[in-house]
Amino acid sequence: MAERLQAPRGTFDVLPDDSERREAVESAARRVLGGAGYRRIETPAFEATELFARGVGDSTDIVQKEMYTFEDGGGRSLTLRPEGTAPICRAYAEHGMHRLPQPVKLWYLGSFFRYERAQAGRYRQFWQVGAEAIGSDDPAVDAESILLLATLLDELDVREVRLRIGSLGSPDSRVAYRERLVAHLRAHEEELAEEVRVRIDLNPLRAFDSDHPGTREVMREAPRMIDALSPQDAEHFAAVRAMLDAAGQPYEVDPTLVRGLDYYTRTVFELTSDALGAQSGVGGGGRYDGLVEQLGGRQAPGMGWAAGVERILLAAGEQPVAAPEVDLFVAVDGGDGARTAAFAVAAEGRRARMHAQLELAGRSLKGQLKQAARVRARYVAVVGDTSSALRDMDTGEQTDVETETIVARILRERGLGA
RNA sequence: GUGGGCGUAGCUCAGUCGGUAGAGCUCCUGGUUGUGGUCCAGGCGGUCGGGGGUUCGAGUCCCCUCGCUCACCCCA
């Protein structure tokens, strides 16, 4: 035998037994997001590398080391999409969606790619469901967006969910704040962890996440973004919180909440589940008021989030899905004539919109009955060379019938006929 | 990229001090009832992740390597 190939590291097959639960995520997303006026969008699986370099940010881990980048036959640098927001902003600009009633509300479900070491809840190809509202900076957009994700997770029975929110301010106050933070870190450089020191200029906000004792001590005294918000940003944040309060949505304000992508402004949030392992983030997002413009469109504020399908499934309880019922299983008890006749019976049943299955493996009659029971068939037609029998699998009753009348009989008995 | 754990049939696993590979489940066949979900019997199925070494002999010991997995990091 030749060497057996495996799915690449960090990827997985969705087998039939798993696919029903994933479909439940999709239909819940359609229900929750569609119900709020979001419409589905699909963008390409790969994009110009430039899109992510500019949109996500050069200093991010995603751009620095996690992208699947390749050159196509025409010498263009392309990248398998590592996230969904930048492509959607690109589409917004490309299709002139600023002419539509604002905000334009879009949702998506698809797979994304990041070159990382796989672990529980983290894969190289993974699926995300996401929502973006572009074209309004109203705090109601932020609150509604957050609430929609919380609702979606609730409907999918994701366990032990916690919501944290914060605000990063707008670019100018963020730049000023950043300078103060860097100065503070510089002043205490020798007390910081090595990896934090290396990133002082690249991404000083990361220092808040460190669990290094010396660093934590330094960060206790560090200036916090949330205290440095401009009056307008502080007001925006307060409005978002007031609306979450009004909706009865619990949350905690996390002044150190840092998201790993550069485009965020103002509101950021994260939903985590304690039912998960180390990768406890189920979904998160925030506002990105400068992104569309940065990608060459006209200025348009935006707000959105993404949630990991695998993590949703991991954090949701096991929910048994009932196997679908089969109306008719057509068994063969005879030679070639019987086989052909059986084929015709199954075909006729399907034309009558019945769920009909045919014996396809040359099993013994006993084996065929076993198979019929396995697929939860309601009736079994045992088709012979000259005559046939129809068996009710629930009652065990079996009657001899003309082969040609099998489908009509079932339709009559089940009340499926016209 | 760095650590820890683990790699024996499709799946879950056993394999004693190194002696030449087993169970349960699944699947197929037959019997029990002329044809199902019970029970019984049988069958299919494994280069013991791969390579090298020690040994008369390695699934068992040593080295290397690959893979899976959890964690760091980061995020969905």
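Below, read A as the first sequence line, B as the second, and so on, with proteins coming before strands; counting in each chain starts at 1. Computed from a predicted structure; not experimentally measured.
Minimum atom distance to the side chain of Q128(A) is reached by rA76(B), of the listed rA76(B), rC70(B), rC72(B). Between rA76(B), rU29(B), rA71(B), one nucleotide has an atom nearer to the side chain of Q119(A) than all others, and that is rA71(B). The side chain of R117(A) approaches rC72(B) more closely than any other nucleotide in the set rC74(B), rG67(B), rC72(B). In this structure, the nucleotide among rC68(B), rC72(B), rA76(B) sitting nearest to the side chain of Q279(A) is rC72(B). Closest to the L261(A) side chain, of the nucleotides rC28(B), rA76(B), rG30(B), is rA76(B). Set against rA76(B), rC73(B), rG36(B), the side chain of K65(A) has rC73(B) as its closest nucleotide. Comparing atom distances between the A278(A) side chain and each of rA76(B), rU32(B), rA71(B) picks out rA71(B) as nearest.
No hydrogens or angles were tested; on distance alone, nothing pairs the side chain of R122(A) with the base of rA76(B) as donor and acceptor under 3.5 Å. Applying the 3.5 Å distance criterion, the base of rU29(B) shares no donor-acceptor pair with the side chain of K370(A).
Mapping G367(A) and A389(A) onto RNA chain B via the closest heavy atom, the residue that lands nearer the 5' end is G367(A). Heavy-atom nearest nucleotides on RNA chain B were determined for G121(A) and for R391(A), and the one closer to the 5' end corresponds to R391(A).
Within the 4.0 Å cut-off from OP1 or OP2 of rC27(B), at least one side-chain nitrogen or oxygen of R374(A) is found.
The existence of a salt bridge linking E116(A) and R122(A) is confirmed by a sub-4.0 Å separation between a basic side-chain nitrogen and an acidic carboxylate oxygen. Contact check on E252(A) versus R162(A) returns a salt bridge, with a Lys/Arg side-chain nitrogen under 4.0 Å from an Asp/Glu carboxylate oxygen. Ion pairing between R159(A) and D274(A) fails under the 4.0 Å rule for side-chain N and carboxylate O. For E270(A) and R164(A), the salt-bridge test passes: some basic side-chain N is under 4.0 Å from an acidic carboxylate O.
As judged by a 4.0 angstrom heavy-atom cut-off over every strand, G130(A) is placed among residues making no nucleic acid contact.
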